[in-house]
Amino acid sequence: EENFLSLDDILMSQEKLPGRAESALPRLAVLLGQGAGSAESVPEGSKLEIPLWLAKGLHDSKRRIISVELPKIYKEAWRTVFNADANVVDLHKMGPYYYGFGSQLLNFENPENPEIAQTILQATGGGSVLPISDSVCFLQTFIARFRRIMDSSQNAYNEDTSALVARLDELERALFQVGQKGLNDFQCWEKGQASQITASSLVQNYGKRKLAEVDG
């Protein structure tokens, strides 16, 4: 589930899914870009581009209100590209929240969704019931890109990194920043500019409790 206190998750929920109205949707025409009047309905059978937050609210497995299609970046053709060379894909252009948005496909029924969803679970340690050739694809994508991301972050000191992060999704950009912080902290330490290392408050409090027990 999304974390509604996370700005990234809020922005991710605005990403759109292709879909179809399986029944008439009253008073949603303006919201879905299908009409001009606030009272207009979306006719049954209309093709839609639905924000994730609204798609999750309208999706109901018992009542066929909307159907949701798999975005092309998660389809088999693109999985083949990732498997061949994950680093050639501009993830930020295709979907700035590729990993997080992909996990949200678990909420919808689609012929290809079980395969994609389970490959994402495999990548995050949730296990898989798929053949290894299918379930490992998403994990290989992340690993292949992760290596290059961390290499780049560790070899870019005091320089413009905008070109290095331009093709990364938001999760990858966060990882890049972690690598950059580690590099900068190390450089400061090497130059003697780092702050003095002190014991954490948890360790200090633990020591005080132990002394109190001995005195008691």
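The analysis underlying the following values was restricted to heavy atoms, covering all of them including side chains, and did not include hydrogens, waters or symmetry mates.
- Within the hydrophobic cluster formed by Ile, Leu, Val, Met, Phe, Trp and Tyr side chains joined at under 4.5 Å, directly or through other members, L183 is accompanied by Y157.
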Apply side chain to side chain contact (heavy atoms under 4.5 Å, CB included) to residues F146 and E172 and explain how you reach the verdict. CA-CA 7 Å; F146 177 77; E172 293 173 335; over 6 Å; no
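- Considering OH of Y97 and CG of L52, their distance stands at 12.0 Å, rounded to 0.5 Å.
- Scored by the salt bridge (charged side-chain N to carboxylate O under 4.0 Å, His left out) test, R20 finds E22 as partners (sequence neighbours excluded).
- The minimum heavy-atom distance linking P43 with A21 is given by the pair O-CB, 3.7 Å.
- Listed by chain and number, the residues in a side chain to side chain donor-acceptor pair (under 3.5 Å) with D160 are S162 (sequence neighbours excluded).
- Partners of K75 according to the side-chain contact (heavy atoms from CB on, under 4.5 Å) rule, which considers only residues two or more places apart in sequence or in another chain, are L70, E112.
- Using modelled atom types, one side-chain atom of R145 and one backbone atom of V89 make a donor-acceptor pair closer than 3.5 Å.
- For the side chain to side chain donor-acceptor pair (under 3.5 Å) test, residues two or more places apart in sequence or in another chain that qualify with K181 are D185.
- Under a 3.5 Å cut-off, the side chain of Q180 and the backbone N or O of S153 do form a donor-acceptor pair.
- Taking every heavy atom of both residues into account, I149 and F176 meet most closely at O-CD1, 3.8 Å.
- Placement of V178 and Y99 in two distinct hydrophobic clusters is found when ILVMFWY residues are connected by side-chain heavy-atom separations under 4.5 Å, directly or transitively.
- Note: I73 CD1 to K93 NZ = 11.0 Å, rounded to the nearest 0.5 Å.
- Partners of E170 according to the side chain to side chain donor-acceptor pair (under 3.5 Å) rule, which considers only residues two or more places apart in sequence or in another chain, are H92.
- Evaluation of the side-chain contact (heavy atoms from CB on, under 4.5 Å) rule for R167 yields D90 as partners, not counting sequence neighbours.
- Tested against S152 for a side-chain contact (heavy atoms from CB on, under 4.5 Å), the candidates Q154, R148, M150 yield a single pass: R148.
- The heavy-atom pair separating S103 from G100 by the smallest distance is OG-O, 2.6 Å.
- Residues S13 and P51 fail the side-chain proximity criterion, which asks for heavy atoms closer than 4.5 Å.
- E159 pairs by the side-chain contact (heavy atoms from CB on, under 4.5 Å) definition with A156, not counting sequence neighbours.
- Between F101 and L17, the closest side-chain pair of non-hydrogen atoms falls below 4.5 Å.
- Scored by the side-chain contact (heavy atoms from CB on, under 4.5 Å) test, I65 finds S23, L25, L58, D60, R63 as partners (sequence neighbours excluded).
- Taking the side chain as every heavy atom from C-beta outward, W78 and M94 approach each other to under 4.5 Å.
- For Q14, the CD atom counts as densely surrounded, since its 6.0 Å shell holds more than 12 non-hydrogen atoms of other residues, nucleotides or ligands.
- Looking at M12 and D8, their side chains never come closer than 4.5 Å, going by heavy atoms from C-beta outward.
- Listed by chain and number, the residues in a salt bridge (charged side-chain N to carboxylate O under 4.0 Å, His left out) with K16 amount to none (sequence neighbours excluded).
- How far CD1 of I66 is from CG of L48: 7.5 Å, rounded to the nearest 0.5 Å.
- Between Y98 and Y74, the ring planes lie parallel to each other; the angle is under 30°, not in the 30° to 60° tilted range.
- Judged as a salt bridge (charged side-chain N to carboxylate O under 4.0 Å, His left out), and not counting sequence neighbours, E15 has no contacts.
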